[in-house]
Amino acid sequence: MQNDLKIYNTLHRRKEVFEPINTPHVGMYVCGPTVYGDAHLGHSRPAITFDIVFRYLQELGYKVRYVRNITDVGHLENDADSGEDKIAKKARLEQVEPMEIVQYYSDRYHYDMDLLNIKKPSIEPRASGHIIEQIEMVKKILDSGYAYERNGSVYFNVGAYAEKFPYGELSGRKYEELIENTRELAGQEEKLNSADFALWKKAAPEHIMRWTSPWSEGFPGWHMECSAMSKKYLGNRFDIHGGGMDLMFPHHESEIAQSKAANKGEEPVKYWMHNNMITINGQKMGKSLGNFITLQELFSGNNKILEKAYSPMNIRFFILQAHYRSPLDFSNEALQAAEKGLDKLMAAAELLTKLKPQEKSGFDVDHWIAKCYEAMNDDFNTPILIAHLFEAVRVVNSVNARLETISAHDLEKLQAKFKLFVFDILGLETESENNEQSALLDGVMNTIIELRQQAKHRKDWPTADLIRNELTKLNISLKDTKEGTEWFVDK
Ligand code: ZN
């Protein structure tokens with residue numbers, strides 16, 4: 001497969017030509033959410049970033065197997081390695097089963113992702129469904145000598161590993177500095193070393209989520225699931241591993257160490273990709289800082305930080321206006337500016353379908369198409385692509401105002417590629433497409449209105465009245481105008 005795609009590989013800190021291990025197949029693994037609360041603004045960025053990667057690789061002709069996990073066990077409160085399990089804690093507070101928490105918040109996560117028009121991954125495995133695979137991998141790491149057992153728990157021996165392998169190769173941390181800087185947390189005295197991390201934890205008597213293992217009744221450490229599940233679905237070595245920058249350490253660094261220790265030193269991932277974070281009015285987002293915004297609050301406007309509600313496409317476009325490796329600051333002004341830009345883009349998309357061609361073109365469409373691909377090939381540079389799309393918007397408006405002309409052949413090309421980049425690759429939607437249900441309702445209502453028109457036409461007043469009365473019961477009112485009949489939902 002021929003292409004010019006370059007990806008910034010976080011592991012090597014440089015852009016590299018993308019050459020999959022087994023062309024045309026691409027294996028991609030992205031760390032998904034820990035489902036103990038509603039998805040927030042921070043969840044939208046990795047979801048959208050890797051949705052773009054998924055969509056663009058498919059546009060280039062690759063067959064992508066995209067795995068995005070759901071963490072439903074083992075993610076502990078303190079540095080993910082000690083304290084209470086986040087999901088078990090929520091279950092205790094709400095007095096329900098942990099899996100009720102997992103189901104509830106997974107469903108809500110999926111609902112939010114659908115609104116943002118994120119394509120579903122090929123496989124969405126859950127950690128709790130892969131306990132056997134995780135136990136098998138822990139056994140392998142123990143056999144190879146890079147882990148030890150203490151009182152029913154198993155820990156990764158970072159010191160032993162660092163003697164053989166470049167520990168810290170992804171995050172740039174040094175093992176020696178790590179030991180000096182890692183604070184000792186209560187309940188961690190079982191570890192040989194503060195830098196070691198849990199592969200398996202013996203469950204305390206009150207701990208609800210527990211499974212039998214050769215070492216104890218317990219549960220896997222958080223990092224284990226991604227090593228075990230990526231291996232199961234993508235193999236020992238696969239193409240792309242993604243996630244937020246905040247996961248580089250300790251999560252991804254630990255994944256590399258575990259996978260190499262279990263698979264005879266084989267580097268698990270060819271290209272590591274990390275998206276940057278979203279700040280809110282210049283500050284890191286956090287519950288304790290009082291600037292925490294869930295996606296549902298953004299869509300409804302129901303949060304004191306928000307001046308108004310912002311549509312899912314508004315959020316999506318706002319995120320795509322920055323390169324995924326750049327920091328992005330949220331503010332009402334920035335979102336409102338994005339909204340205006342998106343409206344212009346969508347108005348041009350609509351207008352483009354109605355333009356009339358002329359004899360000649362004053363616009364080099366082929367050069368424009370090449371520049372659009374060039375932007376995406378340069379490490380998925382969506383802000384540059386969007387700048388090119390606005391160049392096309394200018395042309396569309398100018399042709400519409402008869403200040404410029406475009407030939408039929410060029411117009412056809414422009415229409416096809418504008419649609420490709422805006423809707424298929426950037427994944428933007430018009431508001432009606434955005435809500436399939438409302439599009440469906442529109443269709444049904446048009447049929448009902450047509451039936452009523454026909455009844456009136458043949459002076460069948462009982463049927464016409466029946467239709468109007470039945471709709472009134474559903475709070476739908478009709479208004480007859482010269483142009484036809486309009487319908488409203490009464491609030
Ligand atoms: Zn992960």
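Every value quoted in this text rests on a predicted model; they were computed, and no experiment measured them. Just so you know, ligand 1 is whichever comes first in the structure, and atom 1 is the first atom listed for that ligand.
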Residues N263, K231; criterion side-chain hydrogen bond (donor to acceptor under 3.5 Å, both in side chains); working and verdict: CA-CA 10 Å; N263 302 323; K231 179 186 166 81; 2.9 Å; yes

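H223 lies apart from the Zn ion (ligand 1) in this respect, since none of its N, O or S atoms is found at a distance under 2.8 Å. Distances from the Zn ion (ligand 1) show that C226 has an N/O/S atom below 2.8 Å.
Atom NE2 is the N/O/S atom of H251 found closest to the Zn ion (ligand 1).
K86 and E84 are not joined by a salt bridge, as no carboxylate oxygen comes within less than 4.0 angstrom of a charged side-chain nitrogen.
Using cut-offs of 30° and 60° for the angle between ring planes, the H40 and H43 rings count as tilted.
In terms of heavy-atom proximity, I256 sits nearest to Y161 at O-OH, 4.0 Å.
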